[in-house]
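To start, the structure itself, in structure tokens.
Each residue takes its place number in the sequence, starting with 1.
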Amino acid sequence: MIFAKRYENLVFDPETHQINDVICGEVDFRIRQKLVKVMEWFSQPITLQCSRYDKDDTEETDAFTYACEQFNEVMERPYIQLPYPFNTYHEILSNWCAAFIFSVAELQYINLFEKEKVDFSKALNVCLEENDLPWRILEGRMIKIDAQQFECDLKTKALAQMHELKDAEPKFQSAYTELTAAIDALEKGDYQATISNAEKSYESVLKVILGVNTGNANELTNLYTERLLSVPSTMTKTGFKTGVLTSLPYIRNKSGADHGAGAQEVVISKPMAKLAVNLAAALDTYLIEEYAARAVVEGNRT
């Protein structure tokens with residue numbers, strides 16, 4: 001089932017059946033042109049067998065053109081047609097919604113040889129990524145990879161939990177402020193400050209949970225591991241500490257975010273800074289949820 005059929009209720013208004021592509025949203029015309037241009041690049045020549053009874057009854061076409069024609073057949077309506085000699089499928093398809101373009105791309109993938117399928121997917125995914133569209137074609141199927149929404153949800157949850165706790169535990173104010181500062185610095189492009197504040201929020205959460213006022217990330221993580229860490233029998237405390245809990249301190253310590261770059265200039269990329277913020281949000285959330293769960297258990301005991 002092609003994209004437009006899988007998400008039919010999100011591509012067409014259920015009552016009027018007019019096109020209302022809420023699944024893909026508004027995609028700029030120039031971006032749609034770029035996507036369709038990539039598809040045209042992979043107009044692999046193909047020969048169609050028109051009659052199952054006559055092997056000589058064939059038709060020469062290409063993978064892109066045939067996918068456009070197949071789309072019309074599947075949709076049972078000639079959305080993509082050539083009313084004028086000077087029009088091309090590229091011009092016509094670019095004017096339709098992204099859902100139609102994705103549908104034709106899925107059909108085109110099927111029409112390609114195996115090697116072409118790989119190259120087609122890579123080229124299309126590069127175009128999608130460069131134009132910040134949260135979709136990728138995987139094994140001929142358009143899949144939403146909404147990293148921004150995932151990151152937003154992760155940060156929102158961590159901040160919400162800290163905001164809720166800081167009234168009862170004022171020391172959580174520092175962690176809340178530092179994680180907020182990390183997010184702000186990321187948006188401003190100050191990646192050193194991003195990593196520094198992200199790691200500080202992690203330290204602040206540990207200090208509150210451990211009831212201490214001093215200590216660096218490694219010291220605090222060691223103390224947490226000894227006193228409070230509980231892991232499944234398939235893990236070891238040391239392994240969890242090394243593989244998980246010290247991931248953010250490692251980035252901070254090795255990126256030069258807080259200690260200076262020395263003689264060698266250190267360039268921190270945006271993806272690295274985003275990773276630090278996401279790690280801080282995830283680790284802070286984990287520590288706070290464990291903290292809350294222990295509080296419930298201890299409350300039940302009393």
Side-chain angles (χ1 to χ4, degrees), residues 1-50 57-146:
M1 185 179 293
I2 63 172
F3 186 92
K5 286 292 187 180
R6 292 200 303 275
Y7 301 104
E8 190 167 7
N9 290 337
L10 297 175
V11 176
F12 299 94
D13 187 284
E15 295 183 0
T16 65
H17 207 65
Q18 296 297 309
I19 298 171
N20 182 28
D21 187 4
V22 297
I23 181 69
C24 298
E26 289 292 329
V27 177
D28 187 82
F29 174 70
R30 288 170 297 180
I31 297 176
R32 300 200 305 270
Q33 279 187 314
K34 291 177 183 179
L35 290 170
V36 177
K37 194 63 179 177
V38 171
M39 294 159 67
E40 271 200 317
W41 289 340
F42 289 86
S43 298
Q44 173 189 301
I46 57 176
T47 301
L48 301 177
Q49 187 77 39
C50 299
D57 185 6
T58 60
E59 177 185 343
E60 299 301 319
T61 184
D62 64 78
F64 175 66
T65 299
Y66 186 46
C68 290
E69 295 169 352
Q70 287 178 303
F71 176 75
N72 288 337
E73 292 178 7
V74 173
M75 301 302 292
E76 298 181 342
R77 180 173 173 179
Y79 284 107
I80 311 169
Q81 53 182 323
L82 301 177
Y84 304 107
F86 57 83
N87 279 127
T88 66
Y89 281 125
H90 171 267
E91 292 171 327
I92 296 170
L93 182 57
S94 297
N95 281 292
W96 285 112
C97 61
F100 282 15
I101 295 172
F102 290 174
S103 299
V104 174
E106 290 182 344
L107 290 166
Q108 183 174 351
Y109 178 91
I110 297 171
N111 297 332
L112 296 171
F113 295 134
E114 290 306 313
K115 175 64 169 63
E116 285 284 280
K117 288 179 178 178
V118 174
D119 294 339
F120 175 69
S121 298
K122 287 181 180 178
L124 196 59
N125 285 338
V126 167
C127 187
L128 290 164
E129 182 176 3
E130 288 179 345
N131 290 282
D132 295 323
L133 294 183
W135 296 90
R136 300 294 182 269
I137 186 167
L138 303 171
E139 299 294 326
R141 187 181 178 96
M142 297 300 301
I143 304 293
K144 191 166 190 180
I145 311 293
D146 201 343

Original post:
What is the distance from atom CG of Asn9 to atom NE2 of His17, rounded to the nearest 0.5 Å?
Top reply: 9.5 Å
Original post:
Where do Tyr66 and Asn111 come nearest, in terms of heavy atoms and distance?
Top reply: CD2-ND2, 3.6 Å
Subject >> Over all atoms of both residues, closest heavy-atom pair of Leu107 and Ala67 >> reply: CD1-O, 3.6 Å
**OP:** Output, in order, the C-alpha distance, side-chain angles, deciding distance and verdict of side-chain contact (heavy atoms from CB on, under 4.5 Å) for Leu35 and Asn131.
**Re:** CA-CA 10 Å; Leu35 290 170; Asn131 290 282; 5.9 Å; no
Subject >> From CE (Met142) to OG (Ser103), nearest 0.5 Å >> reply: 9.5 Å
**OP:** Look only at the side chain of Gln108 and the backbone of Phe42, and say whether a donor-acceptor pair between them is shorter than 3.5 Å.
**Re:** yes
**OP:** Begin from the C-alpha positions of Leu93 and Met39 and carry the test side-chain contact (heavy atoms from CB on, under 4.5 Å) through to its verdict.
**Re:** CA-CA 11 Å; Leu93 182 57; Met39 294 159 67; 4.0 Å; yes
**OP:** Go through the steps for Phe100 and Ile19 under the test side-chain contact (heavy atoms from CB on, under 4.5 Å), then give the verdict.
**Re:** CA-CA 10 Å; Phe100 282 15; Ile19 298 171; 3.7 Å; yes
Original post:
Does Glu106 pair with Lys5 as a salt bridge, N-O distance under 4.0 Å?
Top reply: no
Original post:
Is there a side-chain contact between Val27 and Ile101, using heavy atoms and a 4.5 Å cut-off?
Top reply: no
Original post:
Is the backbone of Ile80 close enough, under 3.5 Å, to the side chain of Asn72 for a donor and an acceptor to pair up by distance?
Top reply: yes
Subject >> Val118 vs Glu114 side-chain heavy atoms within contact, under 4.5 Å >> reply: no
Original post:
Quick one: CD1 on Ile23 to SG on Cys97, what's the gap to the nearest 0.5 Å?
Top reply: 11.5 Å
**OP:** Check each of Phe102, Phe29, Phe71, Tyr79 against Trp96 using the ring-ring contact (aromatic ring centres under 6.0 Å, His included) test, and report the only one that passes.
**Re:** Tyr79
Subject >> Heavy-atom pair of closest approach, residues Ser43 and Phe64 >> reply: OG-CB, 3.4 Å
Subject >> Atom pair CZ (Arg32) and CG (Leu133), whose distance is rounded to the nearest 0.5 Å >> reply: 11.0 Å
Subject >> Heavy-atom closest contact (Tyr109 atom, Gly140 atom, distance) >> reply: CD2-CA, 3.3 Å
Subject >> Side-chain heavy atoms of Glu129 within contact of Arg136, under 4.5 Å >> reply: yes
Original post:
Side chains of Glu8 and Phe12: closer than 4.5 Å at any heavy-atom pair?
Top reply: yes
Original post:
Step by step, would you call Arg141 with Arg6 a side-chain contact (heavy atoms from CB on, under 4.5 Å)?
Top reply: CA-CA 11 Å; Arg141 187 181 178 96; Arg6 292 200 303 275; 3.0 Å; yes
Original post:
Got a second to check how far Ile137's CD1 is from Ile143's CD1, nearest 0.5 Å?
Top reply: 9.5 Å
Original post:
Has the side chain of Gln44 got a donor or acceptor atom that lies under 3.5 Å from a matching backbone atom of Phe113?
Top reply: yes
Original post:
Once you round to the nearest 0.5 Å, how far does CZ of Phe3 lie from CG of Asp21?
Top reply: 6.5 Å
